[in-house]
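Numbers here are sequence positions counted from 1. When reading the values below, keep in mind they use all heavy atoms of this one structure, side chains included, and skip hydrogens, waters and symmetry mates.
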Amino acid sequence: MRLEEVESKLGYTFKDKTLLKRALTLASASDDNNQLLEFFGDAILEFIVSERIFNENSTEGALTEKRKTLVSDSALAPVSKKLGLDKFLIRGKKDNFNKKAIPSAYEAAVAAIYLDGGMDEAKKFVLATMDFSKKSTQTDYKSKLQIALQSMGEPLPQYVSEEVGTPQNKRYVVSVNAFGQSFKAEADKIKGADGGEQLCAKAALNYYENNK
């Protein structure tokens with residue numbers, strides 16, 4: 001892999017090339033991997049996105065949902081693929097199905113750029129690569145489920161999660177009781193627009209609509 005090619009895709013030249021290599025290295029390939037960069041990049045990305053949408057004429061709840069949508073795995077995966085990061089990932093020999101790795105590479109790249117060039121460079125990268133013009137089309141199934149249960153005098157839903165999968169490919173099974181039934185869903189994460197809680201709530205609402 002030629003790091004210069006990756007830098008060309010990112011639009012940023014690293015002073016410390018090892019940061020870029022680490023951002024692209026998965027845990028299945030090396031102990032010196034991108035997991036901590038992903039963790040840090042997630043926080044930096046949330047800050048940059050929050051600052052970007054702060055002045056929009058909207059409520060706190062709406063901005064929170066928009067931020068969740070913008071930084072969700074389903075939103076970041078195509079951004080990462082557009083940059084070609086999925087093709088540059090350094091994987092272990094048997095690690096070919098870790099879908100989480102693709103959006104995580106973008107978060108790790110954000111952290112690597114921040115550590116190498118500072119916040120201004122990280123902002124420049126995020127604002128140049130993410131599309132803020134799209135309005136959220138995600139349905140908030142958790143809120144809809146809560147409203148439906150409240151209208152029936154039922155208690156608010158309590159979500160229970162269990163971690164499954166592997167350290168390289170974490171998965172979560174989330175369950176919720178509603179309408180006298182138990183609903184389960186499996187996802188790459190618990191919360192967020194495409195998380196297990198939303199999928200559980202969607203399943204419960206589908207049951208409610210079909211049986212009311």
_side chain to side chain contact (heavy atoms under 4.5 Å, CB included) assessment of Asn177 paired with Gln158_ = CA-CA 7 Å; Asn177 293 322; Gln158 299 293 321; over 6 Å; no
*Would you mind reporting whether Phe183 and Lys202 have side-chain heavy atoms less than 4.5 Å apart?*
no
*asked:* Could you report the tightest heavy-atom contact between Cys200 and Ala185, atom names first, then the distance?
replied: SG-N, 3.6 Å
_Side-chain heavy-atom pair Pro157, Leu149 within 4.5 angstrom cut-off_ = yes
_If I take atom OG from residue Ser74 and atom NZ from residue Lys189, how far apart are they, to the nearest 0.5 angstrom?_
6.5 Å
_Do Lys142 and Tyr159 form a cation-pi contact, if we require the NZ or CZ to be under 6.0 Å from the six-membered ring centre and within 45 degrees of the ring's axis?_
yes
_Donor-acceptor check, side chain of Asn33 to backbone of Ser30, threshold 3.5 angstrom: yes or no?_
yes
_Student check: side-chain heavy atoms of Val6 and Leu20 closer than 4.5 Å_ = yes
*In Å and rounded to the nearest 0.5 Å, what is the OH to NZ distance from Tyr106 to Lys82?*
11.0 Å
*I would like to know whether Phe179 and Glu154 meet side chain to side chain contact (heavy atoms under 4.5 Å, CB included); could you show each step before the answer?*
CA-CA 8 Å; Phe179 312 117; Glu154 298 288 336; 5.7 Å; no
*Search all heavy atoms of Leu115 against all heavy atoms of Leu37 and return the closest pair with its distance.*
CD1-CD2, 3.7 Å
*Which heavy atom in Leu145 sits nearest to a heavy atom in Ala178, and how many Å separate them?*
CD1-CB, 4.3 Å
*Mind checking whether Val110 and Val126 have side chains closer than 4.5 Å, heavy atoms only?*
yes
*Sub-3.5 Å donor-acceptor pair from the side chain of Asn206 to the main-chain atoms of Ala204, do we have one?*
no
_To check you understand the geometry: which heavy-atom pair defines the closest contact between Ile48 and Leu127, and what is its length?_
CG2-CD2, 4.5 Å
*With no hydrogens and no angle check, is any side-chain donor or acceptor of Gln198 less than 3.5 Å from a backbone partner on Tyr141?*
yes
*Taking it one step at a time, do Met130 and Leu76 satisfy side chain to side chain contact (heavy atoms under 4.5 Å, CB included)?*
CA-CA 8 Å; Met130 289 185 64; Leu76 294 182; 4.2 Å; yes
*Rounded to the nearest 0.5 Å, how far apart are NZ of Lys124 and CG of Asp120?*
7.5 Å
*Out of curiosity, Leu70 CG to Ile53 CD1, how far, rounded to the nearest 0.5 Å?*
6.5 Å
*Measure the spacing between NZ of Lys68 and CG of Leu63 and express it to the nearest 0.5 Å.*
12.5 Å
*Hey, could you give me the OH/NZ distance between Tyr208 and Lys144, rounded to the nearest 0.5 Å?*
11.0 Å
*Going by an N to O cut-off under 4.0 Å, is there a salt bridge joining Asp188 and Lys170?*
no
*Just by distance, do the side chain of Asn211 and the backbone of Tyr207 share a donor-acceptor pair under 3.5 Å?*
yes
*asked:* Applying a strict under-4.5 Å side-chain criterion to I, L, V, M, F, W and Y, I'd like to know whether Val176 and Met152 cluster together.
replied: yes
*For residues Glu107 and Val71, report the shortest heavy-atom separation together with the two atoms involved.*
OE2-O, 4.4 Å
*asked:* Has Ser143 got a side-chain atom pairing as donor or acceptor with Asp140's backbone, closer than 3.5 angstrom?
replied: no
_salt_bridge(Arg171, Glu163) N-O dist < 4.0 Å_ = no
*For the salt bridge (Lys or Arg N to Asp or Glu O under 4.0 Å) test, which of Lys15, Arg2, Lys17 pairs with Glu7?*
Lys17
*Taking Ser104 for its side chain and Ala101 for its backbone only, find out whether a donor-acceptor pair lies under 3.5 Å.*
no
*Should Leu45 and Phe132 be counted in the same cluster of Ile, Leu, Val, Met, Phe, Trp and Tyr side chains packed under 4.5 Å apart?*
yes
_Minimal non-hydrogen separation, Asn34 against Ala23, with atom names_ = ND2-O, 3.0 Å
*Take atom CD of Glu60 as the centre, draw a 6.0 Å sphere, and report whether it contains more than 12 heavy atoms from other residues, nucleotides or ligands.*
no
_Whether Ser161 side chain and Ile190 backbone form a donor-acceptor pair below 3.5 Å_ = no
*Between Phe40 and Tyr114, what is the ring plane arrangement, given parallel below 30°, perpendicular above 60°, and tilted in between?*
perpendicular
_I'd like to check Val174 versus Leu199 (side-chain heavy atoms, cut-off strictly below 4.5 Å). Are they in contact?_
no
_Taking the ring centre of each residue, are Phe125 and Tyr12 less than 6.0 Å apart?_
no
*Between Ser50 and Arg67: side-chain donor-acceptor atoms closer than 3.5 Å*: yes
*Give a yes or no answer on whether the side chain of Asp16 reaches the backbone of Asp116 with a donor-acceptor pair at less than 3.5 Å.*
no
_When you measure from the side chain of Ser8 to the backbone of Glu4, do you find a donor-acceptor pair of N or O atoms at a distance under 3.5 Å?_
no
*asked:* side chain to side chain contact (heavy atoms under 4.5 Å, CB included), that's the test. Do Thr25 and Asp32 meet it? Break it down for me.
replied: CA-CA 7 Å; Thr25 302; Asp32 187 23; over 6 Å; no
*Asp86/Lys81 ion pair, N-O < 4.0 Å*: no
*asked:* Grouping I, L, V, M, F, W and Y whenever their side-chain heavy atoms are under 4.5 Å apart, do Leu36 and Leu26 come out in a common cluster?
replied: no
